[in-house]
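Since the structure comes first, as structure tokens, the remarks are kept for the end.
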Amino acid sequence: MSRFSDAQWDAKGGSSVSVDTVKKSKKSSAGQKENTSTENKSTYKFKTKELSFNCRQLSAMLTSGLTLVKALDILSKEQENDKAKKIWVDIYEQVQKGESFSSALEKQDDAFPPFLKSMVNAGESSGSLDVVMKRMEAHYDKENKMNNTIKGAMIYPIVLLVLTVAVVLVIFVGIMPVFEPLFEGTEVNVIARFLMAGSDFVVKRWPLLIIGAVLIIAGIIYALKVPSIRYKIDTYKITMPKVGPLMVKIYTARFARTLSSLYSSGIPMVECLERSSAILNNLYITDKFKQVVDEVKQGESLSSAIQRTEIFESMFCSIVFVGEEAGALDEILAKSADYYEEESDSAVQRLVGLLQPLMIIILGITIGLLLGGIYPAIYESLGGLENL
């Protein structure tokens, strides 16, 4: 920890500067600092790509022997985003005045994820902040790659969805009004009547469609914030046919990687489990892990406790058991995380592969309705002209 002596803080985040002096210094600039902190908290949240970059930079500078204060000063100057720059400048100023790094991160509210804050706190306590930053860089780099994989795989289904909506709008707004005069005085089929009614509604009452879409989106957003509804949705995510097993692989990879990082940093197992389950952002899994935490507190092995949740695959539980028996749980979890991350990539591709045929079928049905509704009416109209 000698390399951090210039920063005036110890491994526990203490300071050689007196607490009273720090408090007086904070009070003297309260107005400006509070405004800056409030702005940072409410306007910016770091993305995984940015977190990976920042952790990599800090790790490299700390490993090379720079003090934390100097590293933060350099890091703040390297930020291209003005809002991110303000946050890092604020952190730099707080650490320079004697605050611990983890405490400075906590004061930024939601700008940084709780997982990173916990790891920084563990790194300060153990005196291995440079090592922790390296682990965080690897963690967020893999997280960013997984997110990019998901986004890239979803491009094709989204394009199909947009194309389907565009085709429907063209049918209702551009095609049906043109052919509607041909239907006058003729007996049209059910499909044609449906298309004409839909066209009439879209053309004449389009504001209602916009209002309805806004209400539906707002309703979905609200429903996801209701714990009971969110719990049912999260439960269905991992139990639904076809999709459930694929989601479990993704959750397993993230859980193994997070638990390995936390446990190897010396954080108690109970806290590791709580934070590792919370980072999955699934209320059903979080609720199940309350039982796991209770059993581990009572002396139950981790492998047996997670086996009873019936969430993860039996192979993963067996891997955890081997890690416990060998006394190398963090290493085995890291290796299993690598395996399940590869499986997650395949799972994402398979998940998207299920959506692509569905979107193609919907698009085909839409075009089929157009042909089935318009063509018979056109033939009837042409037949009437021949009889004249």
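Here the structure is a predicted model, which is why all the values come from computation and not from measurement.
Between the side chain of Asp234 and the main chain of Leu283, a donor-acceptor pair closer than 3.5 Å is present.
A salt bridge (Lys or Arg N to Asp or Glu O under 4.0 Å) with Glu143 is found for exactly one of Arg257, Arg254, Lys49, namely Arg254.
Ser261 places a side-chain heavy atom less than 4.5 Å from the side chain of Phe115. At least one side-chain heavy atom of Val89 sits under 4.5 Å from a side-chain heavy atom of Glu93. When side chains are defined from C-beta on, Leu329 counts as touching Leu302, because their heavy atoms get closer than 4.5 Å. With contacts defined as side-chain heavy-atom distances shorter than 4.5 Å, the pair Phe316/Leu333 qualifies.
By the neighbour-count criterion of 12 heavy atoms within 6.0 Å, atom OH of Tyr231 is densely surrounded, having more than that number from other residues, nucleotides or ligands. Few gaps surround CZ on Arg308; more than 12 heavy atoms of other groups in view lie less than 6.0 Å from it. Summarising the local packing, CD of Glu300 is surrounded by more than 12 heavy atoms from other residues, nucleotides or ligands at distances under 6.0 Å.
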Throw together a table of side-chain donor-acceptor distances under 3.5 angstrom for residues 71-79, partners on residues two or more places apart or in other chains.
unit_1, atom_1, unit_2, atom_2, d
Ser76, OG, Leu72, O, 3.3
Ser76, OG, Asp73, O, 2.7
Glu78, OE1, Gln57, NE2, 2.8
Gln79, NE2, Asn54, OD1, 2.9
Gln79, NE2, Leu75, O, 3.1

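Comment: Glu331 does not engage Lys335 in a salt bridge, judged by the lack of any side-chain N to carboxylate O separation of less than 4.0 angstrom. A salt bridge is defined here as a Lys NZ or Arg NE, NH1 or NH2 lying under 4.0 Å from an Asp or Glu carboxylate O, and Asp130 with Lys134 fails to meet this definition. The residues Glu313 and Lys249 are annotated as salt-bridged, a charged nitrogen and a carboxylate oxygen being separated by less than 4.0 angstrom. Asp90 and Lys107 are not joined by a salt bridge, as no carboxylate oxygen comes within less than 4.0 angstrom of a charged side-chain nitrogen.
Atom CD of residue Glu295 and atom CG of residue Leu273 lie 11.0 Å apart, to the nearest 0.5 angstrom. Going from atom CD of Gln307 over to atom CZ of Phe312 covers 11.0 Å, rounded to the nearest 0.5 Å. To the nearest 0.5 Å, atoms OG1 (Thr67) and CG (Leu62) are separated by 8.5 Å.
The hydrophobic cluster containing Ile155 also includes Val159, under a criterion of side-chain heavy atoms closer than 4.5 Å among ILVMFWY residues, counted directly or through chains of members. Cluster note: Ile221 groups with Ile217 through ILVMFWY side-chain heavy atoms spaced under 4.5 Å, whether in direct contact or through intervening members. The hydrophobic cluster containing Ile229, built from Ile/Leu/Val/Met/Phe/Trp/Tyr side-chain heavy atoms closer than 4.5 Å, also comprises Ile216, Ile220, Tyr222, Leu224, Val226, Ile233.
Screening residues 51-69 for salt bridge (charged side-chain N to carboxylate O under 4.0 Å, His left out) gives Arg56-Glu137 as the qualifying pairs, with residues at least two apart or on separate chains.
Side-chain contact of Asn281 with Arg230: a donor-acceptor pair under 3.5 Å is present, judged by distance alone.
Not a single salt bridge (Lys or Arg N to Asp or Glu O under 4.0 Å) links Arg135 to another residue, sequence neighbours left out.
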